[in-house]
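Since we're looking at a predicted model, the values are computed, not measured. All residue numbers in this chain count up from 1 along the given sequence.
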Amino acid sequence: MVQGTANFNTEQNKEWLQEYVDDWVSFYRKHTSEGEVASYIPLLKEANPEHLGIAILGKNGMEIRSGDVDIPFTIQSVSKVISFIVACMDRGVSYVLDRVDVEPTGEAFNSIMHLEMKKLDKPLNPFINAGAITVTSMLKGKTPDEKFKTIIDILEKMLGYRPSINTEVYESERDSSMRNRAIGYYLLETGSLESDMNMTLETYFKQCSIEITVDDLARIGLILANDGMDLDSYEEIIPRQIARITKALMLTCGMYDASGKFATYVGIPAKSGVSGGIIALSPARVREENLPFIDGCGIGVYGPALDKQGNSVAGIRLLRHIASQWDLSIF
């Protein structure tokens, strides 16, 4: 574990930490061969499976970046975090959680088996596809563009610029996503959708196709780590209650059906996407040791080679190592 009496918020120690992270990224890059890029969305198959990058932004101003950090990728299921936040801000937490539960599923992210077999009256959580599509249907707006604008607007506040859609990925996802259309029809039949199914799905495909970088993920993670407040402007972008509920859901449901293992072995709130992105965060910790990012941090990871659960193979290994070495776990 990196520890001692040094103040890590110095240029000298930043160089030291940078060397550590560079070595770790280089070491874990070899594990990309254990996974495969997502293939069910044709455009995602074009990603380089050997890419691996990480950005870590601290509350104290410390910033560490290593590996393939300049490569844009689509946000995919990480967008479920944003749509959930927006729906709660627009509709109220109670309204949203009356319609989507907060329980882990133990099933694949695109499964509806548990809904049909258990005759549930609502999806188990907002981070599986059935729950996310239900949440998207709650977004304000009478057209897909109006609904989508609510997501882009809050992202612009958090990131300081207005992200755009990767049109090619959006069209690829829209034209090939038969499973999500099947989920949409099921939700329509059960009365779970609050807006037209086609409009809801179009919005959902658009939100998944927003193009971002690991820096963007780390920036969002840092805001969540700070209970929704932007540390530059001191503006409360996300109400504290919603930020805290979101972090709890990220910890328990954010890594698909590997969420339990991730919470056990890594121990920080996180959400993955099938493009290989992971958003993670560590809040401020009370420790006797002087540790890097002890005041809290946001983390963005990109590694498009995925495991069977749809999570970045090398990205998870890298996060587990960093969380262990720097004692980032919330437990």
- Partner residues of N125 under the side-chain hydrogen bond (donor to acceptor under 3.5 Å, both in side chains) criterion, sequence neighbours left out: none
What's the spacing between [X] [atom1] and [Y] [atom2] if we round to 0.5 Å?
{"X": "T213", "Y": "R65", "atom1": "OG1", "atom2": "CZ", "result": "8.5 Å"}
{"X": "F205", "Y": "R181", "atom1": "CZ", "atom2": "CZ", "result": "4.5 Å"}
{"X": "E211", "Y": "N166", "atom1": "CD", "atom2": "CG", "result": "4.5 Å"}
{"X": "E168", "Y": "L43", "atom1": "CD", "atom2": "CG", "result": "5.5 Å"}
{"X": "Q76", "Y": "I210", "atom1": "CD", "atom2": "CD1", "result": "10.0 Å"}
{"X": "I133", "Y": "L188", "atom1": "CD1", "atom2": "CG", "result": "11.5 Å"}

Can you give me the closest heavy-atom contact between [X] and [Y], atom names plus distance?
{"X": "I183", "Y": "A130", "answer": "CG2-CA, 3.7 Å"}
{"X": "L251", "Y": "I330", "answer": "CD2-CD1, 3.6 Å"}
{"X": "I154", "Y": "M89", "answer": "CD1-SD, 3.7 Å"}
{"X": "L222", "Y": "L57", "answer": "CD1-O, 3.6 Å"}
{"X": "D230", "Y": "M158", "answer": "OD2-O, 4.5 Å"}
{"X": "A225", "Y": "K59", "answer": "O-NZ, 3.5 Å"}

[X]/[Y] ion pair, N-O < 4.0 Å:
{"X": "D232", "Y": "R219", "answer": "yes"}
{"X": "D196", "Y": "K142", "answer": "no"}
{"X": "D295", "Y": "R285", "answer": "no"}
{"X": "D227", "Y": "K247", "answer": "yes"}
{"X": "D145", "Y": "K206", "answer": "yes"}

- Message: With a sphere of 6.0 Å drawn around CD of Q18, does it hold more than 12 non-hydrogen atoms of other residues, nucleotides or ligands?
- Response: yes
- Message: Over 60° means perpendicular and under 30° means parallel, so tell me whether Y302 and H51 are parallel, tilted or perpendicular.
- Response: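 Judged by the thresholds at 30° and 60°, the geometry between Y302 and H51 is tilted.
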- Item | Chi angles and distances behind the side-chain hydrogen bond (donor to acceptor under 3.5 Å, both in side chains) call for S137, Y204 | CA-CA 9 Å; S137 78; Y204 180 72; over 6 Å; no
- Check: I75 main-chain N/O paired with S79 side-chain donor or acceptor under 3.5 Å: no
- Could you check R99 against E194 for salt bridge (charged side-chain N to carboxylate O under 4.0 Å, His left out), going step by step and ending with a plain yes or no? CA-CA 10 Å; R99 290 154 179 81; E194 300 206 0; 2.8 Å; yes
- Query: Does a side chain donor of either S83 or K80 reach within less than 3.5 Å of an acceptor in the other side chain?
  - Reply: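 Note: S83 and K80 side chains miss the donor-acceptor criterion.
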- Side-chain H-bond candidate by donor/acceptor type, D90 with Y95, under 3.5 Å: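 Result is no, nothing qualifies.
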- When the ring centroid of W24 is compared with that of Y28, is the distance short of 6.0 Å? no
- Assess R29 against F27: is NZ or CZ under 6.0 Å from the centre of the six-membered ring, and within 45 degrees of the ring's axis?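 No, cation not above the ring by the 6.0 Å, 45° rule.
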